[in-house]
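Data first, discussion second: the structure below is written as C-alpha cells.
Whatever order the structure lists them in is the order used to number ligands and atoms, beginning at 1. Computed over heavy atoms, backbone and side chain alike; hydrogens, waters and symmetry mates excluded.
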Amino acid sequence: MSGFRATILTLFPEMFPGTLGQSLAGRALERGIWSIEARDIRDAATDKHRSVDDTPFGGGAGMVLRPDVVDAAIGGVADGRPLVALTPRGRPFAQSDARRFAEGAGVILLCGRYEGIDQRVIEARGAEEISIGDYVLSGGELAAMVLLDACVRLLPGVMGAAASADEESFSAGLLEYPHYTRPADWCGREVPDVLLSGNHAAIAAWRRAQAEEITRARRPDLWAAHQQTTRTQDSRPAFVASRVGSS
Ligand code: SAH
C-alpha cells in the first residue's frame, strides 16, 4: 500500500492510535489513506530485565533512554522516511513541517520518556529534533499525535473541501479571520454586516483585513515574518525588470 505511513517508537504503544482513530484522521485511517504502527522500544532491549533506561552520567534526577536500545529499535523500522525525535529542545513544529512530511512517504517518530534520550543516538541516526511548544510533557506520545494530526489532515482526500487548507491559519503566514454561523443575532451580538452582504469581493477584503489585524495584535513574530516575505515578493519583479532594462 502506498499511503502515508507513520511508525512510532514508544514505551507505550497501546496509547496509539488514540485520538487519531477518531473523526477526520480515524476515517482516513479506515479508508487506508494512511497507516499507523506503534512499536515498543522495550522489544529492542537485550538483557533479561528488558531494561531500556539508565541513570544519567554527571548525576541528576531521573533516567535516560539508552542509546543501544533506541538504536536497535530505530534499526528495525528505518527505511528512508524522515526520523523525528520529539523533544522540548527541538525546533518548534510549524505548519510548513506538516506540509513537508505530508508530501512524503511518512515519518518515524521517536518518543522519549523520563529525562529523555541519550543524545548520541539522536546524532548518530541524524534524527530531526522537533518540539511542539515551550512546555514540558511527560512523554513524546502526545507530541507525536499532535504532529501526525497536523500531517494527516493535509493528505489528499482527507479534508472535505479541497480549498479549506489553503485559507486557514498559517497557510499564508497569517492567523485566520474569525468565523460566524447562524443565528445572525445571538443574545444581541450580531454578525458583521459585510458577511451578510453577498458581496464576495468585500467579504474577501474584510477577511484579509481581519487576518492582518489579528496577526499584528496577537503574533508580532508572525506579522514581522509575513511583512518580510511580502516585501521580498514585491521587490522581485522590480529587480528582474531593472536587470532586463540595464542589459
Ligand atoms: N528533561 C527534558 C524533558 C523530558 S520530558 C528537558 O528538560 O528537555 C520526556 C519526554 O517527553 C521527552 O523526551 C520528549 O520526548 C517528550 N516531550 C516533552 N515535552 C515535549 C515537547 N514540548 N515537544 C515534544 N516532545 C516533548
Side-chain angles (χ1 to χ4, degrees), residues 4-21 25 34 36-45 49-78 81-102 104 106-154 169-170 175 218-219 221-222 225:
F4 179 93
R5 285 170 50 235
T7 302
I8 296 119
L9 301 174
T10 167
L11 290 173
F12 299 94
E14 62 281 7
M15 288 184 178
F16 295 88
T19 68
L20 298 173
W34 72 294
I36 185 168
E37 184 195 13
R39 294 254 193 134
D40 195 340
I41 293 173
R42 199 170 293 279
D43 290 344
H49 301 294
R50 302 226 301 156
S51 63
V52 294
D53 56 348
D54 211 326
T55 53
F57 280 124
M63 300 294 276
V64 177
L65 291 176
R66 288 167 48 149
D68 52 344
V69 176
V70 171
D71 184 65
I74 295 170
V77 297
R81 281 173 293 162
L83 172 66
V84 173
L86 282 322
T87 163
R89 301 173 63 246
R91 198 168 42 75
F93 183 58
Q95 188 66 16
S96 52
D97 296 305
R99 238 177 273 130
R100 171 168 57 94
F101 292 139
V107 283
I108 299 169
L109 304 176
L110 181 55
C111 300
R113 276 272 153 183
Y114 322 124
E115 286 312 309
I117 298 163
D118 188 300
Q119 192 62 25
R120 290 169 297 176
V121 64
I122 291 174
E123 286 166 17
R125 286 287 184 174
E128 200 176 329
E129 293 180 76
I130 290 186
S131 163
I132 65 156
D134 291 345
Y135 39 78
V136 180
L137 303 167
S138 48
E141 290 76 15
L142 283 172
M145 287 185 204
V146 166
L147 185 150
L148 286 176
D149 185 273
C151 294
V152 166
R153 62 196 291 286
L154 297 179
S169 290
F170 309 115
L175 301 178
R218 293 185 182 177
R219 293 291 301 274
D221 57 326
L222 285 182

Q.
With respect to I132, determine whether any N or O atom, backbone or side chain, lies less than 3.5 Å from an N or O atom of ligand 1.
A. yes

(Q) Under 3.5 Å between any N/O of L137 and any N/O of ligand 1: does that happen in this structure? (A) yes

Identity of the nearest option to [atom], non-hydrogen atoms only, from [options]:
atom	options	answer
atom 10 (C) of ligand 1	P88, G112, G133	G112
atom 3 (C) of ligand 1	V146, V136, L65	V136
atom 1 (N) of ligand 1	R89, E115, E141	E115

Q: State whether the side chain of R125 and the backbone N or O of D71 hold a donor-acceptor pair below 3.5 Å, judged by distance alone.
A: yes

Q. Side chain, backbone, both or neither: which part of A143 has a heavy atom under 4.0 Å from ligand 1?
A. side chain

(Q) Heavy-atom distances under 4.0 Å decide this one: backbone, side chain, both or neither, for S138 against ligand 1? (A) backbone

Q.
Could you check whether E141 and T10, counting side-chain N and O atoms only, form a donor-acceptor pair closer than 3.5 Å?
A. yes

(Q) Under a 3.5 Å cutoff, is there a donor and acceptor pairing between the side chains of Q119 and R89? (A) yes

Nearest 0.5 angstrom please: [X] [atom1] to [Y] [atom2], how far?
X	Y	atom1	atom2	value
F4	R81	CZ	CZ	9.0 Å
L83	I122	CG	CD1	9.0 Å
D53	L11	CG	CG	8.0 Å

Q | Top protein contact for atom 15 (O) of ligand 1, by heavy-atom distance | A | L86 O, 2.6 Å

Q) Among protein heavy atoms, which sits nearest to atom 9 (C) of ligand 1, and what does the distance come to when rounded to 0.1 Å? A) Y114 O, 3.3 Å

Q.
Under 4.0 Å between a side-chain nitrogen and a carboxylate oxygen: does that hold for D97 and R91?
A. yes

Decide whether the shortest distance between a heavy atom of [X] and an atom of ligand 1 is less than 4.0 Å.
X	value
G90	no
F93	no
I117	no

Q) Protein heavy-atom contact under 4.0 Å for atom 22 (N) of ligand 1? A) yes

Q.
Please determine whether the number of non-hydrogen atoms from other residues, nucleotides or ligands lying under 6.0 Å from atom CG of D221 exceeds 12.
A. yes

